[in-house]
Number of protein chains: 2
Amino acid sequence: MVEKTGRPGYLQIADDLRSQIQSGKLAPGAALPSTAELGARYDVSASVVKSAISVLRTEKLIIGQQGKGVFVREQLPAAPSEASSDGESELLRQLVMMREAVQDLGQRVADLEKIVLSERKGSD
Amino acid sequence: MVEKTGRPGYLQIADDLRSQIQSGKLAPGAALPSTAELGARYDVSASVVKSAISVLRTEKLIIGQQGKGVFVREQLPAAPSEASSDGESELLRQLVMMREAVQDLGQRVADLEKIVLSERKGSD
DNA sequence: ATAGAACGCTTGGTATTCTAAGTTGTCAAG
DNA sequence: CTTGACAACTTAGAATACCAAGCGTTCTAT
């Protein structure tokens, strides 16, 4: 999955992970795959993965915790953006509505989880 | 010259070089000592020096030129100001949080689906 | 004298191997 | 059931080796 571009592998991996973080595909607080897992996925040695991780750690995008894993930072450093303040309040309104919808969904899923998981525990 | 503080050696060296750069002791355009020289000076292996150089390179304080050396950048980047919320990036932050929430919901729903569907199959 | 080969130095990237240290789950002994 | 040992996982740091590539000097052959 790496190579072809001349760009060094550890930077390709760092780019890939960085874009996953900034796109939200890797959400804040989420754990990255382990270095061994990443090494297998990109088919590179551990040192390349460690170099990539090191870059993102220097960029303060992630935080590594010994024994646990590497996690996306909760408050990400600001990324360059070009959001125009035109119609900003409209965006904010839609955002509020979406947040309410997401919170509602979260509550309903939590209810389902309580039911399903308690049933599973009982039958385990 | 390194150790005593618990702070890893490559960061100590990076700190040292960084302060030399920011104090002007290493002027813009000036060449750093070679990695072998630095390794001897700090009494560490090449890998530690390379890690330190790598940190400063990621910070864009220095630029390495193959075959020549490592040089202090002419136009130094401003010191990183973290966690700046200028109101406009507030939207971005909210968006990132929402994506996290949605991602989390998707995972939880998928887990529930797996449980419920497998139980249904088992009792069919 | 000049062109070119050769050598030594440099950074950069990758791989491998240790060690250290923290977390987590398992499992057995009490 | 609780506690403690232990094994298996994780990241982090460090040392070492190897190779590629660029640069500069030197030495050599023409």
Side-chain angles (χ1 to χ4, degrees), chain A residues 1-18 20-21 26 28-74 117 120-121 124, chain B residues 1-18 20-21 26 28-74:
Chain A
M1 182 166 177
V2 137
E3 288 302 331
K4 304 289 182 293
T5 69
R7 189 161 171 80
Y10 78 99
L11 285 182
Q12 290 184 47
I13 297 177
D15 290 343
D16 191 27
L17 294 176
R18 190 186 304 110
Q20 285 187 40
I21 291 173
L26 278 173
L32 273 66
S34 75
T35 56
E37 163 74 21
L38 288 175
R41 176 180 309 183
Y42 292 106
D43 190 32
V44 293
S45 74
S47 73
V48 176
V49 174
K50 285 172 95 170
S51 294
I53 294 295
S54 176
V55 168
L56 298 181
R57 192 143 41 88
T58 301
E59 291 176 359
K60 299 188 188 304
L61 286 179
I62 58 180
I63 284 185
Q65 293 185 24
Q66 276 185 342
K68 296 188 69 176
V70 179
F71 301 88
V72 180
R73 277 186 58 142
E74 296 288 347
L117 294 183
R120 243 169 67 84
K121 191 193 310 181
D124 252 350
Chain B
M1 183 166 177
V2 134
E3 287 302 332
K4 305 290 183 291
T5 68
R7 188 161 173 80
Y10 77 99
L11 286 183
Q12 291 183 46
I13 296 177
D15 291 343
D16 191 27
L17 294 176
R18 191 186 304 108
Q20 286 187 41
I21 290 173
L26 278 173
L32 273 67
S34 75
T35 56
E37 163 72 22
L38 288 174
R41 177 181 307 183
Y42 292 106
D43 191 31
V44 294
S45 74
S47 74
V48 176
V49 174
K50 285 172 101 170
S51 293
I53 294 295
S54 176
V55 168
L56 298 181
R57 193 144 39 90
T58 301
E59 291 174 358
K60 299 189 189 304
L61 287 179
I62 59 180
I63 283 186
Q65 294 184 23
Q66 276 185 341
K68 296 188 67 176
V70 180
F71 301 88
V72 180
R73 277 186 57 138
E74 297 289 347

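Residue numbering restarts at 1 for every chain, and letters A, B, ... go by the order of the sequence lines. All values below come from the heavy atoms of this structure, side chains included, with hydrogens, waters and symmetry mates left out. Computed from a prediction, not measured in an experiment: that's the story for all the values here.
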Is B:V72 close to B:L61 at the side-chain level, that is, under 4.5 Å between some pair of heavy atoms? no
Side chains of B:Y42 and B:V49 in contact at under 4.5 Å (non-hydrogen atoms): no
In whole angstroms, how far is the P atom of D:dT10 from the CD atom of A:E37? 9 Å
Can you check whether B:F71 reaches B:I63 side chain to side chain, under 4.5 Å on heavy atoms? no
Distance check needed: C:dG13 P versus A:R7 CZ, whole Å only. 10 Å
From CD of B:Q65 across to P of D:dG22 the rounded distance in Å is 13 Å
When the distance from CD of A:Q12 to P of C:dG13 is rounded to whole Å, what number comes out? 12 Å
For B:S54, check side chain to side chain contact (heavy atoms under 4.5 Å, CB included) against everything at least two apart and list the hits. B:R57, B:T58
Selected nucleotide, minimal atom distance to A:V70 side chain, candidates C:dA15, D:dT11, C:dT14: D:dT11
Atom CG of B:L56 to atom P of C:dT11: distance rounded to whole Å? 13 Å
Just verifying a value: how many Å separate B:D15 CG and B:L56 CG, rounded to the nearest 0.5 Å? 8.5 Å
Would you call B:L38 and B:L17 a side-chain contact if the rule is heavy atoms closer than 4.5 Å? yes
Between protein and nucleotides 16-23 of chain C, what N or O pairs are separated by less than 3.5 Å?
unit_1	atom_1	unit_2	atom_2	d
C:dG22	N2	A:G67	O	3.3

Among residues at least two apart in sequence or on other chains, which ones pass side chain to side chain donor-acceptor pair (under 3.5 Å) with B:S45? B:S47
Check the phosphate of D:dT11 against A:R57, side-chain N and O only, distance under 4.0 Å to OP1 or OP2. Yes or no? no
note: B:L11, atom CG; D:dT11, atom C1'; distance rounded to Å ~ 14 Å
If I take atom CZ in residue B:F71 and atom P in nucleotide C:dG12, what distance separates them, rounded to the nearest angstrom? 10 Å
Roughly how bent is the helix from C:dA1-D:dT30 to C:dG30-D:dC1 end to end, in steps of 10 degrees, with each end axis from five pairs? 20°
Which pairs, with at least one residue in residues 28-38 of chain B and sequence neighbours excluded, count as a salt bridge (Lys or Arg N to Asp or Glu O under 4.0 Å)? B:E37-B:R41
Is there a side-chain contact between A:R18 and A:V55, using heavy atoms and a 4.5 Å cut-off? yes
What is the distance, to the nearest angstrom, from the OH atom on B:Y10 to the C1' atom on D:dA12? 7 Å
